[in-house]
Structures are given as structure tokens and as C-alpha cells.
J.: 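Below is one structure. I have some questions about it.
What you are looking at is a predicted structure, and each value in this text was computed from that prediction instead of being measured.
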Amino acid sequence: AGAVQLNPEQTGEEPMAAADLTLLVAAAVTLVAIAAARLGTRAGLPALLLFLLVGVALGNAGFGIRFDDASLAHDLGFVALVLILAEGGLTTSWKQMRPVLGVGLSLAVVGSLVTIAVVGLFGYFVLGLPRAVSFLLGAVVAPTDAAAVFSVLRGVSLPPRVRAALETESGFNDAPTVLLVIAGTELAMGSSPSGGMPGLAGEVVGELAIGVAAGLVTGWIGVQFLRRLSLSNSGLYPLAVMCWILVTYGLVGFIHGSGFAAVYVCAVALGNGQLPHRHATKSFAEGIGWVAQIGLFVMLGLLVHPSTISWPDIGAGVALGVVLTLVARPLAVYVSTVWFGTDWRHQAFMSWAGLRGAVPIILATVPMAAGMPGSDVLFDVIVVFVVVFTSLRAYLSQQAQYDAVVDRIKEASDTSTALENELAQWKDDTYVRSQVRERLGYVMPGDTSYVVVGADSVKQPGASGGATQGSQDAPWYQT
């Protein structure tokens with residue numbers, strides 16, 4: 001609705017017809033994005049990136065929908081991020097989160113500061129940016145992306161502590177980096193924070209403390225209230241939970257706290273509070289989260305103008321990704337986790353799995369909305385960085401998942417029933433089917449129905465529908 005303005009006087013349509021058209025276009029775009037996500041899964045591409053490409057295709061480079069309102073994109077992006085953080089908090093297990101809370105918070109705060117420092121030095125000495133802009137660049141790319149982490153890593157077979165630490169980091173690191181991006185934008189435009197850098201640090205710490213405390217209080221109150229609330233329809237409970245979280249965000253903003261920190265803490269408290277119909281609530285939150293992700297990435301895709309991205313922008317974006325991936329992220333993980341005795345293999349995976357997605361692009365709209373000179377170039381560089389390295393990391397993440405699946409199938413081969421279940425679970429995945437055939441010599445179940453009756457024999461449907469004895473040489477799943 002923000003991207004396409006329909007004027008009834010120009011189109012000759014009645015207002016209701018214009019509204020109907022808007023709903024039609026929005027629903028059709030959402031269905032196209034969902035279909036693209038399905039195709040992307042088969043091709044090994046991340047769904048979130050495909051949502052972004054759908055937006056690009058709808059924009060100036062494709063169907064010609066014009067959307068240049070950075071302020072609106074900034075506001076809608078923050079709303080979508082609130083919904084994504086709410087979904088992430090509601091589906092986070094406190095039992096898994098508690099042992100790694102210190103590691104996650106250290107990654108979110110200390111790791112972000114290390115990333116800002118390394119990227120800032122790169123921007124100043126290599127890219128030749130002013131110091132304030134270099135600091136702003138580091139703050140924009142510092143946070144990992146909650147949408148990317150929650151949607152990608154939850155589909156990967158990982159140790160629970162590693163996954164919980166990465167999810168905790170992504171849930172908490174948006175709050176400080178948003179404040180630092182706003183401060184960096186003011187510095188780049190010639191305004192200094194009151195009290196200098198110590199004053200800025202105190203402001204960030206204060207807003208984070210208020211946000212976390214308010215999230216705990218509202219989360220506890222929400223659990224007590226919703227447990228005692230008797231509603232006539234069970235479908236109202238998920239709506240009440242989500243609205244409670246949004247109220248928390250608004251109230252904390254009025255008292256100058258970090259709304260993002262408050263939303264995530266409140267959502268974690270509600271998600272683990274043994275509320276009525278909590279499974280329905282989590283399912284509802286996941287649906288809202290997906291709607292927010294699709295809308296967010298499509299909108300940001302509309303904001304991207306491929307014709308304005310120059311080769312120097314591409315080079316700067318790729319170089320930024322290389323420095324962040326090979327230097328800044330590993331150093332940030334090491335400094336943040338070495339005090340907790342984290343295994344070096346877990347450190348290596350955390351270094352690799354610091355997924356970036358929509359959040360850096362959203363943060364890049366902050367200087368654009370403020371009218372900072374050169375902010376459009378900064379936005380293009382961030383888009384290149386996100387597209388290239390999110391695709392690469394998501395692809396590698398999926399390959400790791402596929403390797404784990406093939407290993408599980410191999411381990412299950414001793415028991416025909418377990419093997420049949422594993423193969424049936426992945427029968428629709430083209431890549432897994434090919435890997436299982438090439439690496440293990442197994443045939444995935446296809447259109448033909450199979451009934452496993454033993455490790456050395458099989459009954460297959462005959463021409464008349466009856467069962468005939470198959471070959472005794474090998475089970476059905478072996479070539």
C-alpha cells in the first residue's frame with residue numbers, strides 16, 4: 001500500500017475497487033514470494049534473498065513500481081523487525097537459552113563493538129571514508145539478522161548450545177546497534193552527542209537497561225494476566241499475546257528505553273510462561289513472522305535500484321564482506337566467547353554463521369531518511385554485501401545440513417524401518433535424492449509405493465495390484 005498509490009480520479013475506479021485491487025496485488029505478491037521460497041529451497045537459495053529479488057523484480061528494474069520513500073521504508077522496517085523479534089522470542093526455549101545467556105549477550109554487545117571497530121578501521125584506511133562515516137558503516141553491518149538466524153539456522157542440525165547462543169545474539173544485538181547507527185548518522189552530519197563519546201556510551205547502556213527491565217516486568221505481568229484471562233474463543237489468546245508485546249514496545253519508547261530489547265525479553269517471558277493455548281500462539285507468531293519477513297524483504301527490494309549500483313559499489317560491498325567474514329566476525333566471536341571456555345569448533349561455526357540479512361539494509365535507511373549526503377551510495381554497498389554473503393553463507397549452511405542428512409541416512413541403514421523413515425522424510429528434496437543415490441547407492445521413494453518387509457526382501461505391487469515377491473539380492477532402497 002505504501003509502494004503503490006491508486007488515485008480513483010485518475011483510474012476511474014471507485015474507492016472500494018481501488019482497495020480491492022490493492023488487496024489483490026498484495027496477496028498475489030505474497031503467493032509469488034512463497035512459491036519462490038519453495039523453488040529456492042530446491043535450488044539451495046535462501047528464501048529471504050528470494051523475497052528481496054521479488055521486490056527488485058516488481059520495482060524500477062522490472063514491473064516499474066516506484067518506491068523511493070526512505071522514511072516510510074525505515075518506519076515499516078522497524079515495525080517488521082519488532083514482529084520478527086516477537087516471533088523469535090516466543091519460539092525461544094529458555095531451557096536452552098539459559099546456559100548460554102552470557103555467551104549470547106557477550107556476542108550481542110562485545111562482539112558488535114569489536115565488529116564496529118574492525119569495519120570502521122577498514123572503512124577509514126582502505127575505503128578512505130571519513131571517521132564518522134566509517135563508524136556508521138561498522139554500526140550498520142554489526143548486527144546479525146534475527147530473521148535470517150531464526151529461519152535458516154533452525155533448519156540446520158546444530159548443537160543446541162550453539163544454536164541458542166546465536167539466537168540469543170540475534171535477539172539482543174539489534175537494540176544497541178540501532179542506537180549506535182542513529183548516533184553515527186548524527187556524527188556524520190556534523191552533530192555531536194551531548195557529553196561526547198562517554199555520554200553516548202552512557203545513553204546506550206541506559207536505554208538497554210531500561211528496555212531489558214521493562215521487558216521483564218511486562219513479560220511477568222503479561223504471563224500473570226493471560227493465565228487468568230478467560231476468553232470465549234481460543235483464537236483470541238494468540239492475538240492478545242502479540243498485542244501485549246506491541247504495547248510493550250510502544251510504552252518503552254515513551255520512557256526512552258530500547259523497544260527492541262524490551263520486545264525480545266517480553267516475548268521470551270511470554271513464550272516460556274505456560275500460557276493457555278501456547279502452541280497455537282507460537283504457530284500464530286510464526287505466521288506473523290513470515291508475513292513480516294516477506295513484506296520487509298519485498299519492500300526493501302522495491303527500494304533497491306540496480307541501475308544505480310556501480311562497479312565500485314560492488315567492489316566495496318564484496319571487500320566489506322571479505323573483511324567482515326574473515327577478520328571482524330572471527331575476532332568478535334573469539335573476544336566474546338574466550339572467557340566462557342567455548343570449544344574452538346563452536347567458535348569457528350559461530351564465526352561462519354553470523355548471518356546478515358534485512359537488518360543492515362533497514363539500518364542503512366536511517367541515514368537516507370535523515371538526508372545524509374552519500375547515504376544512497378552507502379545503501380547500495382550494503383545491499384551488495386548482504387546479497388552476496390547471505391547467499392554464500394546460506395548455501396554453505398544448507399550443504400552442511402545435507403551432509404548431516406546423508407550421514408543420518410547412512411547410520412540408519414542398519415535398520416530398514418529407520419532407513420525408510422529417513423528416506424521418506426527427504427523424498428521431495430531433489431538435492432538430497434541425488435546425493436543419496438550418488439554417495440550411498442540408495443533409491444529414494446518415488447511415485448511407486450514400496451513396502452519394506454525385511455532387509456533382504458521386498459514385496460512390490462504387481463500389475464493387478466497384488467503383491468509379488470521381489471528380488472532377493474538387495475533391499476528396495478539399494479540400486
J.: Among pairs that include at least one residue of residues 297-310, which meet side chain to side chain donor-acceptor pair (under 3.5 Å), considering only residues two or more places apart or in two chains?
T.: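 Qualifying pairs, neighbours excluded: Asn60-His305, Asp68-His305, Thr308-Asp380, Ser310-Asp313.
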
J.: Quick one: does any side-chain atom of Thr177 pair with a main-chain N or O of Asp174 as donor and acceptor, under 3.5 Å?
T.: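 Pair found, side chain donor or acceptor close to backbone of Asp174.
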
J.: Under the side chain to side chain contact (heavy atoms under 4.5 Å, CB included) criterion, do Arg227 and Gln274 qualify, and how do the steps go?
T.: CA-CA 8 Å; Arg227 280 179 178 175; Gln274 302 299 315; 3.9 Å; yes

J.: First locate atom CZ of Arg161, then atom CG of Leu166, and finally report the distance between them rounded to the nearest 0.5 Å.
T.: 12.5 Å

J.: Can you name the nearest heavy-atom pair linking Ala86 to Ala267, along with the distance?
T.: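 Heavy atoms only, the tightest pair is O-CB, 3.5 Å.
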
J.: Distance from Ser93 atom OG to Arg163 atom CZ, nearest 0.5 Å?
T.: 11.0 Å

J.: Looking only at heavy atoms, what is the nearest atom pair of Leu363 and Ala139, with distance?
T.: CD1-O, 4.1 Å

J.: When you look at Leu107 and Asn173, which way does the side chain to side chain contact (heavy atoms under 4.5 Å, CB included) test go after all the steps?
T.: CA-CA 8 Å; Leu107 285 168; Asn173 65 5; over 6 Å; no

J.: Could you give the distance from OG (Ser283) to CD (Glu286), rounded to the nearest 0.5 Å?
T.: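 Rounded to the nearest 0.5 Å, the OG-CD separation comes out at 5.5 Å.
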
J.: Would you please test Val141 and Ile116 for side chain to side chain contact (heavy atoms under 4.5 Å, CB included) and show each step?
T.: CA-CA 8 Å; Val141 302; Ile116 292 172; over 6 Å; no

J.: Search all heavy atoms of Pro360 against all heavy atoms of Val386 and return the closest pair with its distance.
T.: CB-CG2, 4.1 Å

J.: Looking at every heavy atom in both Thr168 and Leu105, which two are closest together, and how far apart are they?
T.: CG2-N, 4.3 Å

J.: To the nearest 0.5 Å, how far apart are CH2 in Trp94 and CG in Leu101?
T.: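 Spacing of CH2 (Trp94) from CG (Leu101) equals 5.0 Å.
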
J.: Parallel, tilted or perpendicular, judged at 30° and 60°: which one describes the rings of Phe260 and Tyr249?
T.: tilted

J.: Considering only heavy atoms from C-beta outward, does the side chain of Leu296 approach that of Ile84 to under 4.5 Å?
T.: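 Yes, at least one pair of side-chain atoms sits under 4.5 Å.
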
J.: Check whether any side-chain heavy atom of Leu378 sits under 4.5 Å from a side-chain heavy atom of Leu136, and report yes or no.
T.: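 The answer is yes, as the side chains (C-beta and beyond) meet within the 4.5 Å cut-off.
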
J.: Determine whether Leu303 and Val383 make a side-chain contact, defined as any pair of heavy atoms from C-beta on separated by less than 4.5 Å.
T.: no

J.: Sub-3.5 Å donor-acceptor pair from the side chain of Arg278 to the main-chain atoms of Leu90, do we have one?
T.: no

J.: Do Phe225 and Trp220 come within less than 4.5 Å of each other through their side chains, counting heavy atoms only?
T.: no

J.: Can you confirm whether Phe385 sits close enough to Val318 that some side-chain heavy atom of one is under 4.5 Å from a side-chain heavy atom of the other?
T.: no

J.: Is there a side-chain contact between Thr248 and Val265, using heavy atoms and a 4.5 Å cut-off?
T.: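 Sidechains of Val265 and Thr248: no contact.
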
J.: With sequence neighbours left out, what residues match Leu251 under side chain to side chain contact (heavy atoms under 4.5 Å, CB included)?
T.: Val247

J.: What distance separates Ile362 CD1 from Phe78 CZ, expressed to the nearest 0.5 Å?
T.: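 So the gap between those two atoms works out to 7.5 Å.
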
J.: Would you call Val366 and Val140 a side-chain contact if the rule is heavy atoms closer than 4.5 Å?
T.: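 With C-beta onward as the side chain, the pair stays apart.
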
J.: Using only atom types and a distance under 3.5 Å, with no angle test, would you say the side chain of Asn272 pairs donor to acceptor with the backbone of Thr92?
T.: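 Looks like yes, one N/O pair under 3.5 Å.
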
J.: Any sub-3.5 Å donor-acceptor pair from Trp244's side-chain atoms to Thr218's backbone N or O?
T.: yes

J.: Check Arg329 with Glu169, please: is the shortest side-chain N to carboxylate O separation under 4.0 Å?
T.: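 Arg329 and Glu169: salt-bridged.
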
J.: I need the minimum non-hydrogen distance between Leu127 and Ala316, along with the two atoms involved.
T.: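 It is CD2-CB, 4.3 Å.
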
J.: If I take atom CE from residue Met242 and atom CD from residue Glu87, how far apart are they, to the nearest 0.5 angstrom?
T.: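 If we round to the nearest 0.5 Å, Met242:CE and Glu87:CD are 8.0 Å apart.
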
J.: Determine, step by step, whether Leu83 and Leu246 satisfy the side chain to side chain contact (heavy atoms under 4.5 Å, CB included) criterion, reporting the C-alpha distance in whole Å, the side-chain angles of both residues, the deciding distance to 0.1 Å, and the verdict.
T.: CA-CA 8 Å; Leu83 296 175; Leu246 296 178; 4.0 Å; yes

J.: Which atoms form the tightest heavy-atom contact between Val252 and Ala214, and what is the distance?
T.: CG2-CB, 3.5 Å

J.: Given Met299, which partner from the list Leu76, Leu72, Ile361 fulfils the side-chain contact (heavy atoms from CB on, under 4.5 Å) test?
T.: Leu76

J.: Does the side chain of Phe172 reach to within under 4.5 Å of the side chain of Val109, using non-hydrogen atoms?
T.: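 No, every pair of side-chain atoms sits at 4.5 Å or beyond.
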
J.: Where the side chain of Tyr264 meets the backbone of Gly215, is there a donor-acceptor pair that is under 3.5 Å apart?
T.: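 Side chain of Tyr264 to backbone of Gly215, a donor-acceptor pair under 3.5 Å: no, none is there.
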
